Participant: 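Have a look at this one before I ask anything.
These figures come from a predicted structure and were not determined experimentally. In what follows, chains are A, B, ... by sequence order, proteins preceding strands, each numbered from 1.
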Protein chains: 2
Amino acid sequence: MKYIEKLRNSGLRPTKQRLQICEILFNTDKTFHFTINELEQKIKKQANNKISLATVYNTVHAFEKKGYLKQIPINSSETYFDTNVTDHHHFYDLKEEKLIDLDNSDVGPINILKKINGKKIKSVEVLVKLED
Amino acid sequence: MKYIEKLRNSGLRPTKQRLQICEILFNTDKTFHFTINELEQKIKKQANNKISLATVYNTVHAFEKKGYLKQIPINSSETYFDTNVTDHHHFYDLKEEKLIDLDNSDVGPINILKKINGKKIKSVEVLVKLED
DNA sequence: ATTGTAGTTTATAATGATTCTAAAAAAGTG
DNA sequence: CACTTTTTTAGAATCATTATAAACTACAAT
């Protein structure tokens, strides 16, 4: 299993649950956006077993901490995660309530001129809201 | 009272509660960022009365609908609102959990190259996360 | 292998922000 | 004032997320 190494290297034990979640999240070239709830549904469908909701939360947060996932800042009752952790941005279609990837090359370079003492920039995220 | 007109023109009855919230939110040149909870605290402090939490929610949502407030897309357990409804951006200090305004001039011009058929851009919001 | 221990999973309870409800109060109208 | 509509309110309900604590598992040391 190709994810065993990845997990071990991160100090995470390669458990059955984590490996299954890895398969769903990372075993594709496509990046995708998901909520915890959507992920849980996908787990149920894919393998006729279920992983405890708490474990799904734990795992997603562990992966986020290790940098394998990131949250997408958006006003929604549920938190959205993204398997694409490279610097990139999003369209948010207000009508469809769907996220669409924006490559870095789709957005001109962003230069933040203002500085705050003692703080450094961790990330720059652009959300482009779309309407009809 | 200068807000009576404003409320009437929006089809909102100028009640005691709404006027008091207007005073707090709009009676200053400074724009500010707040959560419902912070606003409730401010109400309690400012006038030794209290407005029901449900009313604070109702009022903020009514004002948002009328375009007097906007939500700031951010990953936080509480929803942040902004009295500055013009297009502008934010720093988010992860440690202090505080928002800081970024004028448009603090951010280079942003040019979105990708187009989505039948959709037009409603807003472009940049969130710059800060760490120590 | 067997044991020990630290990490993990799990069901369930607890939390906390937000929304709903339905009755009382206030605003607007004639 | 009498009447209708809107608003306020306290408390209940909801829903995503986090905490808890017991059972389980991975893994290393004996």
Participant: Would you mind reading off the distance between B:Leu7 atom CG and C:dA27 atom C1', rounded to a whole angstrom?
Facilitator: 13 Å

Participant: Nearest whole Å is fine: how far is C:dT9 P from A:Glu40 CD?
Facilitator: 14 Å

Participant: Looking only at side-chain atoms of B:Thr15, point me to the closest of D:dT9, C:dT18, C:dA27.
Facilitator: C:dA27

Participant: Run the salt-bridge test on B:Glu38 and B:Lys44 with the 4.0 Å N-O cut-off and return the result as yes or no.
Facilitator: no

Participant: Among D:dT5, D:dT17, C:dT9, which nucleotide has an atom closest to any side-chain atom of B:Arg13?
Facilitator: D:dT5

Participant: Does A:Arg18 make a side-chain donor-acceptor contact with the base of C:dT8, cut-off 3.5 Å?
Facilitator: no

Participant: Starting at atom CG of B:Leu53, determine the distance to atom P of D:dT8, rounded to an integer number of angstrom.
Facilitator: 13 Å

Participant: Does a side-chain N or O of A:Lys50 approach OP1 or OP2 of C:dA11 to a distance below 4.0 Å, or not?
Facilitator: yes

Participant: Using a heavy-atom cut-off of 4.0 Å across all strands, would you classify B:Asn37 as base, sugar-phosphate, or nothing?
Facilitator: nothing

Participant: Can you measure B:Leu12 atom CG to C:dG28 atom P for me and round it to whole angstrom units?
Facilitator: 11 Å

Participant: On the nucleotide C:dT18, are OP1 or OP2 found under 4.0 Å from the side-chain N or O atoms that B:His61 carries?
Facilitator: no

Participant: Considering every strand and a 4.0 Å limit on heavy-atom distances, what is the contact class for B:Ser77: base, sugar-phosphate, or nothing?
Facilitator: sugar-phosphate

Participant: Nearest whole Å is fine: how far is D:dT7 P from B:Leu19 CG?
Facilitator: 12 Å

Participant: Against the six-membered ring of B:Tyr68, is B:Lys6 placed for a cation-pi contact (under 6.0 Å from the centre, within 45° of the normal)?
Facilitator: yes

Participant: Counting just side-chain N and O atoms, does B:Ser52 come under 4.0 Å of either OP1 or OP2 of D:dT8?
Facilitator: no

Participant: Rounding to a whole Å, what distance do you find between A:Glu64:CD and D:dT18:P?
Facilitator: 10 Å

Participant: Nearest to the side chain of B:Tyr57 - C:dT9, C:dT19, D:dT8?
Facilitator: C:dT19

Participant: Taking only side-chain N and O atoms of A:Arg8, does any of them lie within less than 4.0 angstrom of OP1 or OP2 on D:dA26?
Facilitator: no

Participant: Measure from NZ on A:Lys66 to P on C:dG7 and round the result to the nearest Å.
Facilitator: 12 Å

Participant: Can a cation-pi geometry be assigned to A:Lys42 and A:Phe32, taking NZ or CZ under 6.0 Å from the six-membered ring centre and within 45° of the ring axis?
Facilitator: yes

Participant: With a sphere of 6.0 Å drawn around NZ of B:Lys115, does it hold more than 12 non-hydrogen atoms of other residues, nucleotides or ligands?
Facilitator: yes

Participant: Please figure out whether B:Asn58 or B:Lys16 has its closest DNA chain C nucleotide nearer the 5' end.
Facilitator: B:Asn58

Participant: In this structure, are over 12 heavy atoms from other groups packed under 6.0 Å from A:Lys114 atom NZ?
Facilitator: yes

Participant: So which one's nearest nucleotide on DNA chain C is more toward 5', B:Ile36 or B:Pro14?
Facilitator: B:Ile36

Participant: Does B:Gln17 make a side-chain N or O approach to OP1 or OP2 of C:dA26 shorter than 4.0 Å?
Facilitator: no

Participant: Quick one: label A:Thr35 by what it contacts on the DNA or RNA (base, sugar-phosphate, nothing), any heavy atom closer than 4.0 Å.
Facilitator: nothing

Participant: Could you give the CG-to-C1' distance, from B:Leu39 to C:dT18, as a whole number of Å?
Facilitator: 15 Å

Participant: Should the pair B:Lys129-A:Glu125 be classified as a salt bridge under the 4.0 Å nitrogen-to-oxygen rule?
Facilitator: yes

